[in-house]
Amino acid sequence: MSSRARDVLARTQEADGSWKGDYGGPLFLSPVYVAGLYVMGRIPDARTRDGMLVHLRGHQNEDGGWGLDVESPSLVFTTVLNYVALRLMGVGADDPGLVRAREWFLPRGGPLGSGSWGKFVLALLGLYEYDGLDPAPPELWLLPRALPFHPSRLWCHCRMVYLPMGWLFGRRARAVETPLLAELRRELYPQPYADVDWKRARSRVAASDAYTPRSAWLRAVNRVLGFYERIHSKRLRARALDESLALIRAEDEATHYICIGPINKVLNTVVWHLARPDGPEVRAHLERLPDYLQHSPDGIKVNGYNSSQLWDTAFAVQALVASGQAEEARDTLARAGRFLEAEQVLEDPPHAARFYRHPSRGGWPFSTRAHGWPISDCTAEALKACLLLEPLGLNHVPRERLAQAVEFILSLRNRDGGWATYERQRGPRWLERLNPSDVFAGIMVDTSYVECTSACVQALVAWRRARPEASVGEAIARGVDFLRRTQRPDGSWEGSWGVCFSYGTWFAVSGLAAAGTRTQDPALRRAAAFLKAQQREDGSWSETVRSCRERRWVDGPTGHAVTTSWALLSLVATGDADSEATRRGVAWLRARQGADGRWPQEPLAGVFNRTCAIHYDAYLRIFPLWALSLAGAPERRGLPRSAIGNEGVEPCWSMR
Ligand SMILES: CC(C)=CCC[C@@H](C)[C@H]1CC[C@@]2(C)[C@@H]3CC[C@H]4C(C)(C)[C@@H](O)CC[C@@]45C[C@@]35CC[C@]12C
């Protein structure tokens, strides 16, 4: 069983030692890409266009709209943007799919009902007026850095999207008019374009798009900014645009023009197209645009990142080592070890403090070194993987660089004892009330997450085991404390980057167990009871992205191999490996495996900002193997879990 799963994993490894696959799912990325190209007077090449058409047509919902992701109900934001993208790629307005789309979005106000990012992209295309946008003045970057709402305090993904948006807003950037754009202005709105009340349009959002309601605070801020916009000084605006451009340049250079994500990648490219048409920056950007394109059986799409390679590779190593077949997988592990070595970030971003960057030396990113933005938990999982490879003689990362990774992790500790994603928490939690996105939650502040905290705790425990002289005890203890504090009364933990309570709980109990928490500990007992209560009749577990949106466990219609694996790995960590629940879960997982060693495709297991699902291509090859290795093979677990003592003692389920 697990040897077939191991072979599948080995066979799907890339030549560079990584696992690389589809990181699609969101349906707002491709249309932003197409729109950005159009603003620059370009369209995708014929092959990309055809692939994108397949993808977008294939994911139109029954009702005629498009969801935030390939599984979500329709939103105006994504429906209007995908409609426009199809039109810009040559599909006629009389196309039956587009007729159905109009029937869906026109009664909802067309662009007027869209979440704010959709309105912004349409404004760039000249399909919406800037007067209908809430202001995003670039002058905010000139405010004193110490202010709690200075943009540098925003979560890096959010600030990197609003940075070029501010520049484009400040310039009222708009595509050159074409006959097609004039047609679109007639198609998109239920009323004549000239009759739209743009001031009123600012605050209008269709119910489908209003996940995060606009708070009274946000409305007040928008009024103040609106007033400023009317009286702003041209000189100050010019300074603010210069400052924004300097920050954009710093982001581009630090990421080798990949950028932190696909949205700021496109927006930064458009900025340079307007700031220095045909300049070297535009060329450098265009060269790296394909990094985001994914060719998959369901067409061509824009990935959510420039890949999830590092993350998947770190997990694949851990699963293979846990399988007890490290010798059989030696070549695979050796290649993976070399990939981990090659992708560690070895330098800080140039002038890090000037450009509001946290030092990055020693960290690992989610994708590749060139991306340049290391993350706490990616560093932790990569470090864990390297330390597992060490006794096998397959770790290629020198000692001092492993120590730098630990330094990087320690440098990211938050005051609450936990870890956030890319940076220490910079802004107060109340900034979240100013979230203007409508469709996402939790985008404003990088706060501590259970996943990041657990991964860092586990890595520090592994580090101390390998280097007993390391002084990381306090960080571990405070991390454990954070994990304990964030357990919900029902015994679960809410995940933020995977679906959802099964994911969060797996991380939390793994962190607690790694730190030596006894199996009788009430936190672990409550977690086990929670998971057992969610198990289905057939022995599986199933959880859908609605769990994240509704913040309560929501089952899917059938069991999921990935959810079941997280639940089983959790039960091993809580000391329930020999329970009836584990036995039934293992039986279900085994029965579900195909003759080819794979598990059938299932709903998306990744998520971000509580609303948008995202596909982790390798999870179905990694987690069932890992879970069967630990939960399905008692001899792999070593000592009975109850024999484990307190913090710092090697937990029985960690494999050498
Ligand atoms: C700015 C917005 C709202 C949209 C753009 C999408 C990005 C925010 C997200 C797309 C990929 C994410 C989810 C990215 C992926 C890896 C995770 C993680 C698994 C390492 C996690 O543990 C920590 C957070 C992640 C970095 C992620 C953040 C959000 C995305 C970039």
Side-chain angles (χ1 to χ4, degrees), residues 22-30 32-33 68-69 77-78 115-118 120-121 154-165 211-212 255 258-267 292 302-315 363-368 371 373-382 412 418-423 432 435-456 458-459 495-500 503-504 506-507 511 545 548 604-619 622:
D22 190 327
Y23 195 54
L27 284 177
F28 58 96
L29 304 176
S30 300
V32 170
Y33 179 98
L68 191 59
D69 59 65
F77 167 37
T78 33
S116 61
W117 289 19
F120 179 83
V121 174
L154 296 174
W155 182 42
C156 53
H157 272 283
C158 183
R159 74 171 185 265
M160 284 300 148
V161 167
Y162 280 98
L163 170 64
M165 271 190 187
Y211 180 79
T212 298
T255 63
I258 296 170
C259 295
I260 196 170
I263 300 283
N264 80 321
K265 165 71 184 165
V266 170
L267 296 182
Y292 282 97
V302 173
N303 269 341
Y305 220 83
N306 67 322
S307 85
S308 56
Q309 269 166 285
L310 190 286
W311 182 246
D312 292 330
T313 306
F315 278 145
W364 270 278
F366 181 64
S367 52
T368 53
H371 178 276
W373 280 91
I375 306 179
S376 65
D377 57 357
C378 299
T379 305
E381 297 298 344
L412 283 174
W419 276 265
T421 60
Y422 297 80
E423 291 160 345
E432 214 50 63
N435 175 356
S437 72
D438 302 310
V439 300
F440 303 113
I443 64 163
M444 302 294 280
V445 193
D446 200 358
T447 53
S448 296
Y449 294 100
V450 60
E451 297 97 316
C452 299
T453 303
S454 163
C456 292
Q458 292 178 58
S496 295
W497 310 108
V499 174
C500 172
Y503 186 69
W506 169 57
F507 268 102
V545 71
C548 310
L604 306 188
V607 72
F608 56 87
N609 303 115
R610 235 193 284 143
T611 53
C612 191
I614 192 156
H615 178 61
Y616 282 80
D617 198 52
Y619 277 11
I622 292 173

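Start at 1 and go down the list; that is how both ligands and their atoms are numbered. For the numbers below, each heavy atom of this structure counts, side chains included, while hydrogens, waters and symmetry mates do not.
- For ligand 1, the polar-atom distance check finds no N/O of Tyr305 at less than 3.5 Å from any of the ligand's N/O atoms.
- At a 4.0 Å cut-off, not a single heavy atom of Cys158 sits close enough to ligand 1 to count as contact.
- Among all protein heavy atoms, the one lying closest to atom 18 (C) of ligand 1 is Asp377 OD2, 4.1 Å.
- Here the closest heavy-atom approach between residue Val607 and residue Cys548 is recorded as CG1-SG, 3.8 Å.
- Across Gly418 and Ser448, no two heavy atoms sit closer than the pair C-OG, 3.3 Å.
- From the protein, the heavy atom lying nearest to atom 30 (C) of ligand 1 is His157 NE2, 4.1 Å.
- Formation of a donor-acceptor pair under 3.5 Å by the Thr313 side chain with backbone atoms of Gln309 is found in this model.
- Within the 6.0 Å centre-distance limit, the rings of Phe28 and Phe440 are counted as a close aromatic pair.
- The two atoms that bring Gly442 and Trp155 nearest to each other are O-CE3, 4.4 Å, heavy atoms only.
- Under 4.0 Å from ligand 1, the heavy atoms of Ile375 that appear belong solely to its side chain.
- Not one N or O on the side chain of Thr255 forms a donor-acceptor pair closer than 3.5 Å with the backbone of Ile260.
- For atom 16 (C) of ligand 1, the nearest non-hydrogen atom of the protein is Phe366 CE1, 3.3 Å.
- In this structure, the ring of Phe608 has its center no less than 6.0 angstrom from the ring center of Tyr305.
- Distances below 4.0 Å separate heavy atoms of Thr421 from the following atoms of ligand 1: 23 (C), 24 (C).
- Close approach of ligand 1 to Asn609 (heavy-atom distance below 4.0 Å) involves ligand atoms 3 (C), 8 (C).
- Ranking protein heavy atoms by distance to atom 10 (C) of ligand 1, first place goes to Gly304 O, 3.6 Å.
- At the top of the distance list for atom 5 (C) of ligand 1, counting protein heavy atoms only, stands Phe608 CE1, 4.3 Å.
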Item to check | Residue pair Ile258, Tyr292: steps toward the side-chain contact (heavy atoms from CB on, under 4.5 Å) verdict | outcome: CA-CA 9 Å; Ile258 296 170; Tyr292 282 97; 3.6 Å; yes
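- Counting the atoms of ligand 1 from 1 in the order shown, those under 4.0 Å from a heavy atom of Cys378 are 20 (C).
- Of the possible polar contacts, one joining the Glu432 side chain to the Ile443 backbone as a donor-acceptor pair under 3.5 Å is found.
- For ligand 1, the atoms sitting less than 4.0 Å from at least one non-hydrogen atom of Trp311 are 19 (C), numbered in the order shown with element in parentheses.
- Here the closest non-hydrogen pair linking Thr368 and Asn306 is OG1-ND2, 3.3 Å.
- Between Tyr616 and ligand 1 there is a heavy-atom distance shorter than 4.0 Å.
- With a heavy-atom cut-off of 4.0 Å, Trp419 does not touch ligand 1 at all.
- When the heavy atoms of Tyr23, Trp155, Trp117 are ranked by distance to atom 2 (C) of ligand 1, first place goes to Trp117.
- Per-residue contacts place Tyr422 under 4.0 angstrom from the following atoms of ligand 1 (heavy atoms of the residue considered): 26 (C).
- Not a single donor-acceptor pair under 3.5 Å links the side chain of Asp438 to the backbone N or O of Gly115.
- At a heavy-atom distance under 4.0 Å, no atom of Tyr449 approaches ligand 1.
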